[in-house]
Amino acid sequence: MFKKVLVANRGEIAVRILRACGERGLRTAAVYSDADRTALHVRYADEAYRIGPPPARESYLNIPAIIAAAVAAGADAVHPGYGFLAENEHFAEAVLATGLAWIGPPPEAIRAMGDKIAARRTMIAAGVPVTPGTDIGLTDAEAIRAAEELGYPVLVKATAGGGGKGMRVVNDPADLPKSLAAARREALAAFGDDTIYLEKFVPRARHVEIQILADSHGNCIHLGERECSIQRRHQKLIEEAPSVAMTPELRAEMGAVAVRAARAVGYCNAGTVEFLLDRSGRFYFLEMNTRLQVEHPVTEMVTGVDIVKEQLAIAAGRRMRWSQEDIRIKGHAIECRINAEDPYNDFLPQAGRITSLSEPTGPGVRLESGIYAGWEVSLFYDPLLAKLVVWGENRAEAILRMRRALAEYRIGGIHTTIPFHQRVMDSTRFQGGQFDTQFLDGPDGFRMSATPGRALERVAAIAAALIEHERGQEAVIFGASPAGERRGMSPWKQAGRIGAMRPR
Amino acid sequence: MFKKVLVANRGEIAVRILRACGERGLRTAAVYSDADRTALHVRYADEAYRIGPPPARESYLNIPAIIAAAVAAGADAVHPGYGFLAENEHFAEAVLATGLAWIGPPPEAIRAMGDKIAARRTMIAAGVPVTPGTDIGLTDAEAIRAAEELGYPVLVKATAGGGGKGMRVVNDPADLPKSLAAARREALAAFGDDTIYLEKFVPRARHVEIQILADSHGNCIHLGERECSIQRRHQKLIEEAPSVAMTPELRAEMGAVAVRAARAVGYCNAGTVEFLLDRSGRFYFLEMNTRLQVEHPVTEMVTGVDIVKEQLAIAAGRRMRWSQEDIRIKGHAIECRINAEDPYNDFLPQAGRITSLSEPTGPGVRLESGIYAGWEVSLFYDPLLAKLVVWGENRAEAILRMRRALAEYRIGGIHTTIPFHQRVMDSTRFQGGQFDTQFLDGPDGFRMSATPGRALERVAAIAAALIEHERGQEAVIFGASPAGERRGMSPWKQAGRIGAMRPR
Amino acid sequence: MKYYATVNDHTYEIIIEHPDRILVDGVEYHVDVQAINGRQLYSLLLNNASHEVVLDPASDQKSLYDILVGGQRYLVKVQDERARRLALADRNLKSPDGELAIRAPIPGLIVKVLVTPGQAVAEGEPLLILEAMKMENELRSPRGGVIHEVRVEARTQVAQGQTLITLR
Amino acid sequence: MKYYATVNDHTYEIIIEHPDRILVDGVEYHVDVQAINGRQLYSLLLNNASHEVVLDPASDQKSLYDILVGGQRYLVKVQDERARRLALADRNLKSPDGELAIRAPIPGLIVKVLVTPGQAVAEGEPLLILEAMKMENELRSPRGGVIHEVRVEARTQVAQGQTLITLR
């Protein structure tokens, strides 16, 4: 096994990996940008190395700086987490060229799956079903013709895209030019490449993905599926395992196809094969994520397999401890992504200081978090603050448990997606499992009402009046003089008075 | 099922029960003393009722006040938790007489097991092995004679005792009078009764207990054992499941005896049969705890059974969903009791405000806590702040996980037992599983050294110097004038300066 | 003290005479509100019902409270009697809809401006596209009206809170 | 600035000239200390090793720091050059062991006093029994010496920090 692992990431996933290393007795090294000096991953690592200023380009995407940190630390392995450089084969190659182990798939597998078009061809050759689509590098005019041939709705996809960026569903030929332009702009800004292609859009489909584990001894198994249909603009918000749409037969079939897909590119380590699953049980390969996935904990909670610890063992050349027969799905797990976004205001990203924090705990609750009270959330990075994961004996218990965990979760100082998740858990459509990827975005989709339910309106009114009253009383204590005149007051006296008042 | 449950307790166990009720869709009512108005159990309940001033006698032990709260709330069931009135048959009877369900065993079973001497007789009649001992109500002179007959070491026990109070091990006849006096004083103060008796003390024994579940349809099963030998003055500090001393055969045998013990008193609901297990595998009945136990989570984590939810179902007259064959022990769980006690200062109870709090999270970690940042820990109640519980595939993984979870756990403002637990997890004797109830108290026991290891001494010295330096720099910013002269400074300006300094 | 608390166009009259008893539209409630470690989280007991109330720090001096309770967010305007009388008098002098400033909710880059001064817009109509976090966000009109000024143009960086467009 | 930090009878000479570089007994270290949300938890990077340092609030004005790091607690006395010179001068005038006050670590009831004035006691010898939380706690002598005063008697209630016994 390794002696010291450098984690080339930040936030909750860096913390997750640091914990796994610590629990295997491995020393850990973190890297940080100037925005992250006091981040949780820096505090929890054994060592920490500065890699640059806040912008990701100059820090977490800065390959030479990260390699230099790994060398300075004397690390013998690098875990890339997800995002940033996780699916950058040049980074993987640089790590290997430095003589360090890469805790991820071979660079060739990253490359084979990273080129979406080549991947589609490889999959077709391996007998993996894919949706009909075009070649890459279409001009707008070619795209308009191709869309007619495929038939609407179509999906505009940036070749370099990912995480929902540079992707647009087009239902109406009239919207295509505008969508092409938007997808190109986004892809150019995010990835420096505005190459696009089209795919047939499968309506009313679910996004179901299969977790894969493969070792360097030729063993490859799947850990069942994750249901990831609750998305907003192709960004997953809620994931669960198992999927309500799954039968044991279909799981075995999709699992076998996913293993075939992984083997087709010589895969090794953890990976995820994403599929669209339509209402009649047909499924289509979407893409393979050649890295640890954000939502891996739901699989861990229903299978009992610690995927990150398996990654470490596989990268160290160990044989997998599990065969396909060992994998049993037990109970139900749900994950809610807690983002610094305002669900009442079109999910606009939020920045600011977390002034107070109460985290849910207790039976069946697992929190993967990168924040603490006092932490400053910046706009430099992804808005994901934490993942709240629950396990229940069955889906009903998991939903009830998630409701109570969300109700306990208090993040003060910034708006988060917690109220959104509370609404989804209360939604009968979600509870019934009757949803697809259009649940949030579609015409009959789920909406956060601008005017929330009236149930607690009176309580809110009373609370506001009481707080206003209390503040008024404090103003009286300070004297009713305007702010400018208060300045002469002793700071000590004032501090004492503030301390003596209500807050405990 | 019930509609509304009143939880007649406080702290982490009240929170635990409230969560279970919430997850079953039951409304909840909390009770609180004036010291607990902003306690977590008040905040997390649907409703909350004041029952009196801080002293437990006037609040959490005040039967009429609690019954009145249950009636006012319109509750249809009462859960007593552990401690306080949980094993008070008069409270159980009062609850039942009010027409409410009692989420616990029948009052007759509480009474039968509450009288330690009668319980011993019942157990002997039922064929349950017990240690040799005397009758109750001995005078000191009688006790001295009886001790000679039993042979030293002997155990002085208060009839009304519990939780280690009013209990003393005596190895040397010379110490007996002093120990008798101390046990009587403690028992009189704690329970208003200084009646004592003696038992033969089993040296080098482990404290191993069996969790029982019995329903009102005549079904009674056991959920395996808990190892609770890590005790200080008969107070458990660390518990695990399973016990390293256990074999499947011995588990089956002890489990069968525990079921027989429970059946002998017509037991129903959750309970625990405590045994001493000596080095040759002989075991002796100690007592039965006729309530939910502090350490129940370790059993939940290795069996997958939610004991509190089963308690609710059983009290509602449901048939148990589990038979003995369904119960399988999977992996290993450890619980550390996080107390407001100073392990470097003879475990003296601590009081004060929790100024900051970082709780461990992540895979395999379950925290059962009753505190939050800003909470004021008082000396009115038990020093238990929280229970940190971890699960691992095996005992080694559980210990490693507990180490990392303890390292993440930061409670600012008061001393806690966290450093103690860190030392135990690092102890090779604990890691090897070679311990008994004398691990902490015994002659070759574990000690918290007054002079800790030198490993981090230099780090501590540097940190202190840097903080001193920083404080000196701040003093310069404020001006070196005495405090009296600072008063003229604008509070706003000062606040700005404080804000601009280091803390993030 | 008498207060008027307005939520979703509904106004509650709240009289606070005793620290623990209030009248809400004439109905008595027993109340106990306690701040939890700061000034953002409150524990409210209302006739024994226990609520946790989270106050958004944006709640400013104008007695406008952004309150999260039970997973629902409410914007509550609180006025005492005097403030309410002044506001009512004020309303009679001005038109109900004044000028409204559309501000940047986050810092970002203006990708496109979709309206021009003088243009009539409906509620919900897109006004401009703001790129932040590498995602394009459409800013929509919070009500119907006429575009008065457009203060930014495409490809400019804007700060949080900066006024982008004014609406009349 | 030069500081002397004493832990477990070992004194480190620490020179802080630059904000990020210090000399410890002549050896250079790169340091970066950052307070985390208050003044009790610090993140310390020491030549890239990451430590979390918890400061006990009891750490008072006398530059005595009760520090928890890596699950180990250390009591560190920090003196700057001037304070150290004064202290050394002071030590020459007084006996190394002055009078020591045994204080009540928690409020409670004195159950029994086990020593009398003039009595010689060894380190670790029980001095009295204090009942708190319904448990009896033995208070033991932190060093050898002679009992000077016994300021309490059995069955009296004592407050936290109250001096119970003085030792010479």
Side-chain angles (χ1 to χ4, degrees), chain A residues 164-165 182 185-186 189-190 233 235 342-353 355-356 358 379 381-383 403 406-407 410-415 418-419 421-423 425-426 451-472 501-504, chain C residues 1 3-8 10-12 14 16 22 24 29 31 33-42 44 46 49 51-57 59 63 65 67-78 80 105-109 111 129 131-140 160:
Chain A
K165 282 165 194 159
R185 259 201 317 271
E186 259 182 36
R233 295 187 180 183
Q235 300 262 29
D342 184 354
Y344 285 94
N345 195 5
D346 206 26
F347 288 82
L348 275 169
Q350 306 286 302
R353 189 176 138 96
T355 51
S356 68
S358 303
L379 293 175
Y381 313 112
D382 193 271
R403 283 171 67 159
L406 288 165
R410 310 246 170 258
I411 301 178
I414 57 168
H415 293 308
I418 292 172
H421 291 297
Q422 290 180 290
R423 299 288 281 280
M425 293 301 134
D426 285 346
T451 306
R454 307 232 155 200
L456 293 166
E457 190 184 275
R458 182 188 307 265
V459 175
I462 291 170
L466 288 168
I467 294 166
E468 171 84 3
H469 181 70
E470 183 182 87
R471 289 184 176 180
M501 275 180 300
R502 280 282 169 83
R504 297 197 176 176
Chain C
M1 288 284 285
Y3 295 90
Y4 296 91
T6 306
V7 203
N8 297 336
H10 184 203
T11 299
Y12 297 85
I14 298 170
I16 305 178
I22 63 172
V24 181
Y29 285 81
V31 293
V33 68
Q34 299 283 343
I36 304 291
N37 200 29
R39 276 140 190 283
Q40 274 181 256
L41 179 59
Y42 292 82
L44 170 65
L46 189 65
H51 299 281
E52 286 213 289
V53 175
V54 183
L55 199 64
D56 190 77
S59 298
S63 300
Y65 293 90
I67 276 182
L68 191 66
V69 56
Q72 310 264 3
R73 196 189 298 168
Y74 297 91
L75 204 62
V76 187
K77 185 161 186 67
V78 182
D80 62 20
I106 37 171
L109 181 78
V111 174
I129 297 173
E131 188 196 287
M133 312 280 298
K134 305 223 166 72
M135 290 285 286
E136 295 192 356
N137 304 284
E138 267 182 356
L139 293 196
R140 291 159 182 276
Q160 187 162 358

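Of the two parts of C:Tyr29, only the side chain, counted from C-beta on, holds a non-hydrogen atom closer than 4.5 Å to a non-hydrogen atom of chain A. Of the two parts of A:Leu406, neither the backbone nor the side chain holds a non-hydrogen atom closer than 4.5 Å to a non-hydrogen atom of chain C. Using a 4.5 Å cut-off between heavy atoms, A:Leu466 contacts chain C through both its backbone and its side chain. Of the atoms belonging to A:Ala351, not a single heavy atom falls under 4.5 Å from chain C. Contacts of C:Ile22 with chain A are made by side-chain atoms alone, with heavy-atom separations under 4.5 Å and no backbone atom involved. Of the atoms belonging to C:Val54, it is side-chain heavy atoms, and not backbone ones, that fall under 4.5 Å from chain A.
Under the side chain to side chain contact (heavy atoms under 4.5 Å, CB included) test applied with C:Val53, the options C:Leu68, C:Ile36, C:Leu44 reduce to a single match, C:Leu44.
Closest approach of A:Gln422 and C:Gly71 over heavy atoms only: OE1-CA, 2.8 Å. The heavy-atom pair separating C:Ala5 from C:Ile14 by the smallest distance is CB-CD1, 4.0 Å.
Although no hydrogens or angles enter the test, the distance criterion places a donor-acceptor pair under 3.5 Å between the side chain of A:Tyr344 and the main chain of C:Arg73.
Ranked by heavy-atom pairs under 4.5 Å with chain C, the first of A:Ile467, A:Asp426, A:Asp342, A:Ile411 is A:Ile467. No other option in C:Leu109, C:Leu46, C:Ile16 has as many heavy-atom pairs under 4.5 Å with chain A as C:Ile16. Contact count versus chain C (heavy atoms, under 4.5 Å) is highest, among A:Ile418, A:Ile462, A:Asp346, for A:Ile462.
Here the two rings, on C:Tyr3 and A:His469, have centers that are under 6.0 Å apart.
Between the side chains of C:Gln40 and A:Ser356, no donor-acceptor pair is found at a separation under 3.5 Å.
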Can you check side chain to side chain contact (heavy atoms under 4.5 Å, CB included) on C:Glu131 and A:Arg185, steps first, answer last? CA-CA 10 Å; C:Glu131 188 196 287; A:Arg185 259 201 317 271; over 6 Å; no
